[in-house]
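Note that ligands are numbered from 1 as they come in the structure, with each ligand's atoms numbered from 1 the same way. The first residue of the sequence shown is numbered 1, and numbering continues consecutively from there.
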Amino acid sequence: MAYSSFAQFVQALEQAGELTRVSTPVETDLIIAAWADREMKSPGGGKALLFEQPLIEGKPSKFPLAINTMGSQRRMALALKVENVDEISREIQLILKAKPPTDLREGWSLLKQGIHLLHARPKHVKDAACQEVVHRFAEGSTSASGELTLRDIPILKCWPKDGGKFVTLPNVHTRDPESGARNVGVYRMQVYDERTTGMHWQVHKVGARHGQRYYQRNERMPVAVCLGGDPAYTFAATAPLPDGLDEILFAGFLRKKSVELVSCKTIDLEVPADVDFVLEGYVQPGETRPEGPFGDHTGFYTAVEDYPIFHLTAITHRRDAIYPTTIVGIPPMEDFYLGDASVRIFLPVFKMNFPELVDMALPPEGVFHNLVFVSIRKQYPYQAFKVMHGLWGMGQMMFSKYIVVVDEDCDVHNTSEVLFRLCANTDPQRDSTIIKNPSDSLDHAPSTQNVGSHMGFDATRKLRGEGYPREWPELVRMSDEAQRLVDQLRNKTG
Ligand SMILES: Cc1cc2nc3c(=O)[nH]c(=O)nc-3n(C[C@H](O)[C@H](O)[C@H](O)COP(=O)(O)O)c2cc1C
């Protein structure tokens with residue numbers, strides 16, 4: 001069954017030997033981040049860390065803090081309650097195979113139907129663990145004496161030159177004022193004071209689009225930010241789901257149990273009832289404030305930019321709430337495992353659009369979009385370019401800076417093997433293409449933010465129709481017979 005609380009997930013990590021408890025008091029200003037950075041960079045992603053006594057400016061917080069809880073393939077699988085996330089991929093494949101779709105659009109709608117058919121529809125409840133304790137803020141006040149505020153939550157300052165403390169794993173719930181469609185995305189939030197934060201939804205993200213609709217109507221936008229609960233919620237919020245596929249439905253599918261939703265106390269939105277904290281509030285049309293700098297996924301600080309301001313109207317929480325967080329920075333970091341799980345889970349959907357696609361990987365060095373390796377079963381000339389262009393047109397794959405396409409017998413999860421094919425199989429001028437596309441807002445390399453060039457390499461064997469007049473050479477491989485003999489000989493010697 002699904003996790004009924006974040007604490008239950010933490011317990012499962014501990015039972016699996018995947019968690020280190022830290023009972024010593026540790027500062028939230030850089031020190032927890034420095035500890036977590038070492039852990040994330042240790043082989044296989046290290047362990048999850050539970051800081052039982054995080055210190056806020058030297059004083060113990062009443063909430064423990066968990067970090068790196070999804071920072072390995074094993075912990076990602078534990079978060080989604082499977083042995084291996086490929087199980088989920090197989091389930092999606094089954095749903096898609098029920099009636100083979102003819103194109104991607106049909107595939108997504110079939111996937112949506114399949115998800116509806118399973119246990120995905122949310123239920124509505126009146127009582128919720130996330131509202132065991134309720135702190136409302138009076139309109140206009142900057143603090144609430146005696147009440148819990150953002151200063152009481154062990155929010156991290158992650159890197160020395162960060163502009164302040166940042167909430168790094170918030171599940172930001174918004175609603176389209178016209179269609180009523182819900183969205184949940186993870187967009188970091190810089191803490192400005194006890195009751196206000198930044199809202200870093202980048203221009204290409206759904207939260208920003210919902211915001212735009214409210215601004216055009218000049219209406220205050222309700223926003224609810226959830227922290228914790230079943231880790232499937234956070235995973236769903238980070239997954240690059242196509243527009244219209246509701247994260248709450250997807251989370252219900254992942255956890256094989258409907259998500260129970262409860263109405264917020266001070267705004268007109270619903271949130272999962274079992275999360276640890278809910279920050280209720282609003283964004284005011286036209287109001288922005290400088291956000292950053294922040295040590296980002298790219299491994300560099302992102303510059304200060306104007307972003308909307310989130311005003312809190314209430315904080316509700318479980319009595320035993322745990323504050324979940326992460327840090328991003330020079331890879332590998334915890335976020336690599338979230339991205340990796342997304343690619344693996346949605347591989348059947350990609351395969352549906354590209355029948356020649358065998359496998360796909362986004363290696364950690366590329367921090368998601370910078371580097372994509374794809375293997376294909378090549379049949380006809382320029383097929384590798386067709387796949388690249390298709391990917392550049394698909395949702396957040398539009399940001400892919402470098403795409404390398406290899407033949408099916410190359411393991412895309414082995415970067416060294418892909419680089420070998422890239423170097424050996426390409427004539428740079430003939431086998432590369434440069435296109436223009438939207439760029440990730442975080443990418444500091446393009447001269448103009450949000451737009452740039454993207455490059456594709458066809459590292460597959462070349463066909464005559466691709467202007468290669470000779471026979472493509474054969475890869476050097478040892479014979480099976482010789483291998484068997486060596487195995488026998490080594491066993492005797494050993
Ligand atoms: C740890 C972490 C932090 C993230 N921070 C941001 C952020 O600050 N702003 C943003 O636009 N996307 C951020 N993302 C990426 C989005 O969560 C992701 O693109 C998601 O698919 C967006 O959802 P949407 O398509 O519903 O907008 C972050 C992802 C992770 C894993």
Verify whether one side chain among [X] and [Y] offers a donor that lies under 3.5 Å from an acceptor in the other.
{"X": "H297", "Y": "D335", "value": "yes"}
{"X": "T168", "Y": "T325", "value": "yes"}
{"X": "D274", "Y": "S5", "value": "no"}

Quiz item: Can you say whether the rings of H454 and W392 are parallel (under 30°), tilted (30 to 60°) or perpendicular (over 60°)?
Solution: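 Ring orientation of H454 relative to W392: perpendicular.
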Quiz item: Is it the case that more than 12 heavy atoms not belonging to L55 sit under 6.0 Å from its CG atom?
Solution: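 Counting neighbours around CG of L55, more than 12 heavy atoms of other residues, nucleotides or ligands fall under 6.0 Å, so yes.
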Quiz item: When you look at CZ of F354, are more than 12 heavy atoms from neighbouring residues, nucleotides or ligands closer to it than 6.0 Å?
Solution: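 Yes - once you tally the heavy atoms of other residues, nucleotides and ligands closer than 6.0 Å, there are more than 12.
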Any atoms of ligand 1 less than 4.0 Å from a non-hydrogen atom of [X]? List them with their elements.
{"X": "P240", "value": "21 (O)"}
{"X": "T326", "value": "1 (C)"}
{"X": "A239", "value": "21 (O)"}
{"X": "R188", "value": "5 (N), 7 (C), 8 (O)"}

Nearest non-hydrogen contact with [atom] belongs to which option: [options]?
{"atom": "atom 22 (C) of ligand 1", "options": "H200, K205, Q190", "result": "K205"}
{"atom": "atom 6 (C) of ligand 1", "options": "V186, T325, L241", "result": "V186"}
{"atom": "atom 27 (O) of ligand 1", "options": "Y187, W201, F294", "result": "Y187"}

Quiz item: Looking at ligand 1, does any of its N/O atoms fall within less than 3.5 Å of an N/O of D335?
Solution: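 In this structure, D335 places no N or O atom under 3.5 Å from an N or O of ligand 1.
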Quiz item: Does E247 have a heavy atom less than 4.0 Å from any atom of ligand 1?
Solution: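 In this structure, E247 qualifies as a contact of ligand 1 - some heavy atom is under 4.0 Å.
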Exercise. Tell me, please: is H297 in heavy-atom contact with ligand 1, that is, under 4.0 Å?
Key: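 Yes, H297 has a heavy atom closer than 4.0 Å to ligand 1.
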Self-check item: For atom 25 (O) of ligand 1, closest protein heavy-atom neighbour
Solution: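 The protein heavy atom lying closest is Q396 NE2, 3.5 Å.
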Practice problem: Tell me which protein heavy atom sits closest to atom 18 (C) of ligand 1, plus the residue, atom name and distance to 0.1 Å. | Solution: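 Sorting protein heavy atoms by distance from atom 18 (C) of ligand 1 puts T238 O, 3.6 Å first.
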Quiz prompt | Part of A237 with heavy atoms under 4.0 Å of ligand 1, whether side chain, backbone, both or neither | solution =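 Just the backbone.
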Practice problem: Just let me know how V206 lines up against ligand 1, side chain, backbone, both or neither, with a heavy-atom cut-off below 4.0 Å. | Solution: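 Both backbone and side chain of V206 come within 4.0 Å of ligand 1.
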Quiz item: Residues two or more places apart in sequence or in another chain: which of them pass side-chain hydrogen bond (donor to acceptor under 3.5 Å, both in side chains) with S375?
Solution: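 With sequence neighbours excluded, S375 shows a side-chain hydrogen bond (donor to acceptor under 3.5 Å, both in side chains) to no residue whatsoever.
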Quiz item: Within 45° of the six-membered ring axis of Y192 and under 6.0 Å from that ring's centre, is NZ or CZ of R289 located there?
Solution: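 Positive - R289 is close enough to the ring of Y192 and near enough to its axis.
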Self-check item: Salt-bridge contact D176-R213 (side-chain N to carboxylate O under 4.0 Å)
Solution: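 Salt bridge: yes.
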